[in-house]
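Basis for what follows: all heavy atoms, side chains included, without hydrogens, waters or symmetry-related copies. Lettering follows sequence order; numbering is per chain, from 1.
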Amino acid sequence: MPELPEVEVIRNELKSKLINQRINDIKIFWHKTFVNLCSELPNDNKIADIERLGKYIVLVLDQNFLVIHLRMTGQLIFSQNENFSRDHLRLSIHLQSGNILNFYDIRKFGRIYHVPDLNSLFTNVGIDALSQKFTNDYFKELLRNHKRGIKSFLLDQKNIAGLGNIYIDECLFLSGIHPKKLTNEINNKSAKQLHINIKKILNLAIGNMGTTISDYRTTGGGFGRNQNFLKVYKREGNSCFKCGSIIKKTRINSRGTHFCPVCQPENGVLQ
DNA sequence: GTCGTTGTTACTTC
DNA sequence: CGAAGTAACAACGA
Ligand SMILES: [Zn+2]
């Protein structure tokens, strides 16, 4: 279930495969996957560019946009022929070159929106975590203006776009911040550390081609490698790489949350 | 049969 | 209003 790094890897791979290609036809196999808010289908449109905001991939067409969100189990797999699996195939974008971009999605939560503009779709999406606009000062202000558990705050895409459950646990561990620490009680030093680590961890994960825990695949169907470098996610019961304590797992926002009780003390007090 | 799962949104309650 | 909790979406594997 992809977060910013996985989406960015897919975007980079698709750029060379799709830009300047023309869409011939779209075949829909699960109706809810495709949300058409334009008067027509995107057939005959050229893909001019591919952008990303948070976990959204944006195919910029001549006239309008195709916006893709993979949600939990979405996969975009590129094929140069008709010889591909139809299992869990929800939609195919056929290009005039004969190549096909297939959208697989086991749980059917993913969506492909065809929209005339991006405003309505992105009203509740904040600044991208890897954007130049996401500065330390901006982050400090954002934290100060909310009183909310930091993990819950970071999961909310209207604050900062792109972080999800895995990378939030990793960023908070590396920064020594308890996931329930209130945003307005995080001091400037911790905020700066967290800001640096968010960028660092996301960029490292992109370099490792993303994290494959179960369903994430690159556009060639390959695995990422970043799952081999996680420090706390899925490591409950194992020793902390920093201090040797046992990594704990709890539930925050009904999400599995992994942390070291010594390196990330609640209320700044060792437990 | 039950539980948990990398996401988002609507809804309720405080 | 903000924040927190829950269900819903839906399918699979342990
Ligand atoms: Zn530790």
Side-chain angles (χ1 to χ4, degrees), chain A residues 1-10 29-35 52-57 67-76 85-91 103-113 120-126 129 142-173 179-185 198 201-202 204-206 208-218 223-237 249-258:
Chain A
M1 299 155 227
E3 305 179 31
L4 185 154
E6 291 73 37
V7 175
E8 180 66 6
V9 168
I10 290 169
F29 308 109
W30 177 251
H31 189 255
K32 286 170 124 179
T33 297
F34 188 64
V35 181
R52 183 186 59 73
L53 177 61
K55 301 168 193 172
Y56 290 90
I57 298 175
V67 182
I68 304 170
H69 199 302
L70 304 170
R71 290 281 181 97
M72 303 283 262
T73 57
Q75 302 171 346
L76 287 169
S85 166
R86 265 72 178 174
D87 286 354
H88 307 118
L89 180 63
R90 309 304 179 197
L91 185 149
F103 183 74
Y104 296 90
D105 188 16
I106 294 173
R107 287 173 71 178
K108 300 178 175 173
F109 291 165
R111 294 289 180 266
I112 298 183
Y113 305 91
S120 58
L121 214 48
F122 289 161
T123 46
N124 284 322
V125 184
L142 212 53
L143 292 177
R144 201 173 60 80
N145 291 329
H146 294 262
K147 181 179 180 154
R148 191 172 174 187
I150 182 67
K151 172 152 184 179
S152 172
F153 172 86
L154 292 173
L155 279 169
D156 190 337
Q157 301 294 297
K158 69 173 167 292
N159 297 317
I160 301 152
L163 291 167
N165 204 37
I166 294 177
Y167 294 112
I168 289 171
D169 282 6
E170 295 296 310
C171 289
L172 292 177
F173 168 72
K180 280 190 170 163
K181 180 87 179 171
L182 293 178
T183 50
N184 63 332
E185 293 176 358
I198 286 172
I201 285 175
L202 294 178
L204 268 174
I206 292 168
N208 288 326
M209 299 298 281
T211 300
T212 298
I213 298 293
S214 61
D215 298 300
Y216 163 68
R217 298 290 184 277
T218 64
F223 288 18
R225 296 187 307 272
N226 198 63
Q227 62 278 10
N228 301 320
F229 304 101
L230 299 177
K231 303 292 189 286
V232 282
Y233 185 79
K234 284 251 169 122
R235 290 201 66 250
E236 67 269 25
K249 181 177 180 183
T250 58
R251 195 151 279 272
I252 292 177
N253 276 34
S254 58
R255 318 299 301 276
T257 297
H258 314 72

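- Spacing of P atoms, B:dT8 relative to C:dC1, comes out at 23 Å, to the nearest Å.
- The phosphate of B:dT8 has OP1 or OP2 within less than 4.0 Å of a side-chain N or O from A:Lys55.
- No engagement by A:Lys180 is indicated, since no non-hydrogen atom pair under 4.0 Å with the nucleic acid exists.
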*What does nucleotides 8-14 of chain C look like as a protein-contact string, B for base, S for sugar-phosphate only, - for none, at under 4.0 angstrom between heavy atoms?*
-BBBS--
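- Per the geometry, OH belonging to A:Tyr216 stands 14 Å off P belonging to B:dG7, to the nearest Å.
- Note on A:Arg255: every side-chain N or O is 4.0 Å or more away from OP1 and OP2 of B:dT5.
- Under a 4.0 Å N-O distance rule, the pair A:Arg107/A:Asp215 does not qualify as a salt bridge.
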_Determine whether A:His258 and A:Tyr233 satisfy the following criterion, ring-ring contact (aromatic ring centres under 6.0 Å, His included), listing intermediate values before the conclusion._
CA-CA 6 Å; A:His258 314 72; A:Tyr233 185 79; 4.7 Å; yes
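- Atom CG in A:Leu182 sits roughly 17 Å away from atom P in C:dG2 (whole-Å rounding).
- Here the side chain of A:Glu3 is nearest to one of C:dA4, C:dA3, B:dG7, namely B:dG7.
- Following rounding to the nearest Å, A:Asp215 (CG) and B:dG7 (P) show an atom-to-atom distance of 12 Å.
- If you take CG on A:Asp169 and CD1 on A:Ile252, they are separated by 8.0 Å, rounding to the nearest 0.5 Å.
- No contact: A:Gly110 has no heavy atom under 4.0 Å from any strand.
- Spacing between atom CD1 of A:Ile168 and atom P of B:dT5 amounts to 15 Å, rounded to whole angstrom units.
- Looking only at side-chain heavy atoms (C-beta outward), A:Leu70 and A:Ile10 come within less than 4.5 Å of each other.
- Look at NZ on A:Lys158: it is 12 Å from P on B:dT8, rounded to the nearest Å.
- For B:dG7, the OP1/OP2 oxygens have no side-chain nitrogen or oxygen of A:His69 closer than 4.0 Å.
- Looking at heavy atoms from C-beta onward, A:Val125 lies out of side-chain contact with A:Lys55 at the 4.5 angstrom threshold.
- Across A:Leu155, A:Asp156, A:Ile150, a single residue satisfies side-chain contact (heavy atoms from CB on, under 4.5 Å) together with A:Phe153, and that is A:Ile150.
- Residue A:Asn124 is classed as having no contact, given no heavy-atom separation below 4.0 Å to the nucleic acid.
- Taking atom CG of residue A:Asn145 and atom P of nucleotide C:dC1, one finds them 17 Å apart after rounding to whole Å.
- Picking from C:dT6, B:dT8, B:dG4 the nucleotide with the shortest atom distance to the side chain of A:Ser254 gives C:dT6.
- Nucleic acid contact for A:Gln157: sugar-phosphate only, since backbone atoms but no base atoms lie under 4.0 Å from a heavy atom of the residue.
- Whole-Å rounding puts the A:Phe153 CZ to C:dG2 C1' distance at 13 Å.
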*Any chance you could encode DNA chain B as dot-bracket? Rule is Watson-Crick or G-U wobble with both distances under 3.5 Å; [ ] for pairs crossing earlier ones, | for another strand.*
.||||.||||||||
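- A heavy-atom distance below 4.5 Å is not found between the side chains of A:Phe229 and A:Glu170.
- Rounding to the nearest 0.5 Å gives a distance of 11.0 Å between CG of A:Asn165 and CG of A:Leu154.
- Dashed line: the shortest gap from a side-chain N or O of A:Lys249 to OP1 or OP2 of B:dT5 is under 4.0 Å.
- Remark on DNA chain B: of its neighbouring residues A:Tyr56 and A:Ser214, the 5'-side contact belongs to A:Ser214, judged by nearest-heavy-atom nucleotide.
- Applying the salt bridge (charged side-chain N to carboxylate O under 4.0 Å, His left out) criterion to A:Arg86, with sequence neighbours excluded, gives A:Glu82.
- Taking NZ from A:Lys151 and CZ from A:Arg255, the interatomic distance works out to 7.0 Å, rounded to the nearest 0.5 Å.
- When the P atom of C:dA3 is taken as reference, atom CG of A:Leu142 falls 10 Å away, rounded to whole Å.
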